[in-house]
Amino acid sequence: MMTPNQYVFRKATLDDLALLKEWQSHPHVREWWDADEPYDATDLADPRVARWIVSIAERPFAFMQDYTVHGWEDHHFAGLPKGARGIDQYIGDPEMVSVGHGSAFIGARIQALFEAGAPVIATDPHPDNARAIAVYKKLDFAPSGPPQKTPWGLILPMLARDSAARS
């Protein structure tokens with residue numbers, strides 16, 4: 001069983017662009033992630049988005065980002081409370097898919113976001129991405145409305161609230 005403290009999250013840098021490009025070339029990533037999305041120094045310096053390379057046992061295997069949902073006027077989660085964060089991620093290394101890392105590293109990151117004061121975490125998988133939706137439900141995300149079209153594509157809005165704040 002994976003434990004959250006096994007995962008290391010380090011800020012993505014320009015030195016990671018080749019790795020991200022390689023990961024985004026894999027069919028399991030291309031199916032749900034815009035593989036042509038460029039990152040440059042300006043993107044990586046954007047204070048609205050924290051971009052992470054996720055590793056276990058010094059092996060990088062995933063990309064994750066979390067962002068302020070209030071950073072864009074027309075963002076579909078802009079109505080959430082101050083401090084809410086959105087998340088997106090993928091496992092880039094094909095050998096690390098379907099072995100339990102997704103729910104473990106996502107769970108570790110959302111716990112860190114809740115501990116930092118985020119009142120709610122939002123995510124927006126494609127409605128046909130059953131694997132991602134199952135992982136999010138396992139982590140106590142629930143749909144917060146019907147599928148909708150956004151500037152970033154068709155999404156199913158999902159939210160998780162800090163269980164410690166609910167107790």
Side-chain angles (χ1 to χ4, degrees), residues 4-26 28-94 96-97 101-126 129 132 135-136 139 141 144 148-162:
N5 60 0
Q6 293 177 298
Y7 299 96
V8 174
F9 295 79
R10 69 165 176 77
K11 290 277 189 173
T13 70
L14 289 176
D15 292 338
D16 295 311
L17 294 183
L19 178 63
L20 293 171
K21 186 174 182 176
E22 175 193 334
W23 285 348
Q24 290 175 346
S25 74
H26 295 300
H28 76 278
V29 176
R30 288 186 69 88
E31 183 176 8
W32 305 112
W33 192 272
D34 181 2
D36 298 323
E37 181 177 314
Y39 289 122
D40 60 20
T42 303
D43 294 324
L44 293 175
D46 186 341
R48 300 173 297 180
V49 184
R51 293 181 173 91
W52 308 97
I53 300 296
V54 186
S55 299
I56 187 168
E58 298 184 17
R59 178 182 180 176
F61 72 95
F63 171 80
M64 185 164 196
Q65 63 185 19
D66 59 88
Y67 58 90
T68 175
V69 300
H70 302 107
W72 298 264
E73 280 186 34
D74 59 347
H75 197 279
H76 47 279
F77 290 128
L80 292 176
K82 182 179 180 182
R85 300 290 288 176
I87 61 168
D88 301 298
Q89 67 285 310
Y90 61 80
I91 295 176
D93 183 337
M96 303 295 268
V97 174
H101 290 295
S103 57
F105 85 83
I106 297 166
R109 185 68 193 138
I110 64 173
Q111 185 59 40
L113 293 170
F114 284 139
E115 288 172 2
V120 63
I121 308 294
T123 194
D124 51 10
H126 189 283
N129 191 341
V135 167
Y136 292 132
L139 294 168
F141 281 83
S144 64
Q148 59 185 272
K149 290 183 180 180
T150 73
W152 298 276
L154 185 63
I155 61 116
L156 175 65
M158 299 182 78
L159 303 176
R161 299 192 184 278
D162 185 1

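Proximity of His101 to Tyr7: side-chain heavy atoms (C-beta onward) are separated by under 4.5 Å at one or more points. Within the 4.5 Å cutoff, no side-chain heavy atoms of Gln89 are placed close to those of Val54. For the pair Leu20 and Ile53, the minimum side-chain heavy-atom distance is below 4.5 Å. Under the 4.5 Å side-chain criterion, counting only non-hydrogen atoms from C-beta, Ile87 is in contact with Leu113. Within the 4.5 Å cutoff, the side chain of Arg51 has heavy atoms near those of the Asp43 side chain.
Heavy atoms only, all atoms of each residue included: Pro60 and Leu19 are closest at CB-CD2, 4.2 Å. The shortest non-hydrogen separation linking His70 to Leu80 is NE2-O, 2.7 Å. When all heavy atoms of Leu44 and Thr13 are compared, the pair lying nearest together is CD1-C, 3.4 Å. Here the closest non-hydrogen pair linking Met158 and Pro125 is SD-CG, 3.8 Å. The two atoms that bring Arg109 and Trp52 nearest to each other are NH2-CZ2, 3.4 Å, heavy atoms only. For the residue pair Ala160 and Leu139, the shortest heavy atom distance occurs at CB-O, 4.5 Å.
Rounded to the nearest 0.5 Å, atoms CD (Glu31) and NE2 (His26) are 14.5 Å apart. Note that the NE2 atom of His28 and the CH2 atom of Trp23 stand 9.5 Å from one another [nearest 0.5 Å]. Atom CZ of Phe141 sits about 7.0 Å away from atom OH of Tyr136, to the nearest 0.5 Å. Of the inter-residue distances, the one linking Leu156 atom CG with Asn129 atom CG reads 10.0 Å to the nearest 0.5 angstrom. With rounding to the nearest 0.5 Å, the separation of CG in Leu154 from NE2 in His126 is 4.5 Å.
Note: Trp72 and Tyr67 have perpendicular aromatic rings, judged against thresholds of 30 and 60 degrees for the angle between ring planes. Ring-plane geometry between Trp152 and His75 is classed as tilted, the angle between the planes lying from 30 to 60 degrees on a 0 to 90 degree scale.
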* To do: Please report the C-alpha distance between Ile106 and Thr123 in whole Å, then the side-chain angles of each, then the deciding distance to 0.1 Å, and finally whether the side-chain contact (heavy atoms from CB on, under 4.5 Å) criterion is met.
  => CA-CA 11 Å; Ile106 297 166; Thr123 194; over 6 Å; no

* Can you check side-chain contact (heavy atoms from CB on, under 4.5 Å) on Asp88 and Asp124, steps first, answer last? -> CA-CA 8 Å; Asp88 301 298; Asp124 51 10; 3.3 Å; yes

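Under a cut-off of 6.0 angstrom, the local environment of NZ in Lys11 is crowded, with over 12 non-hydrogen atoms contributed by other residues, nucleotides or ligands.
A ring-ring contact (aromatic ring centres under 6.0 Å, His included) with Tyr90 is found for one member of Phe61, Phe105, Phe63 and no other, namely Phe63.
Arg59 and Asp93 are joined by a salt bridge, as a carboxylate oxygen and a charged side-chain nitrogen come within less than 4.0 angstrom of each other.
At distances below 3.5 Å, not a single donor-acceptor pair connects side-chain atoms of Thr68 with backbone N or O atoms of Arg48.
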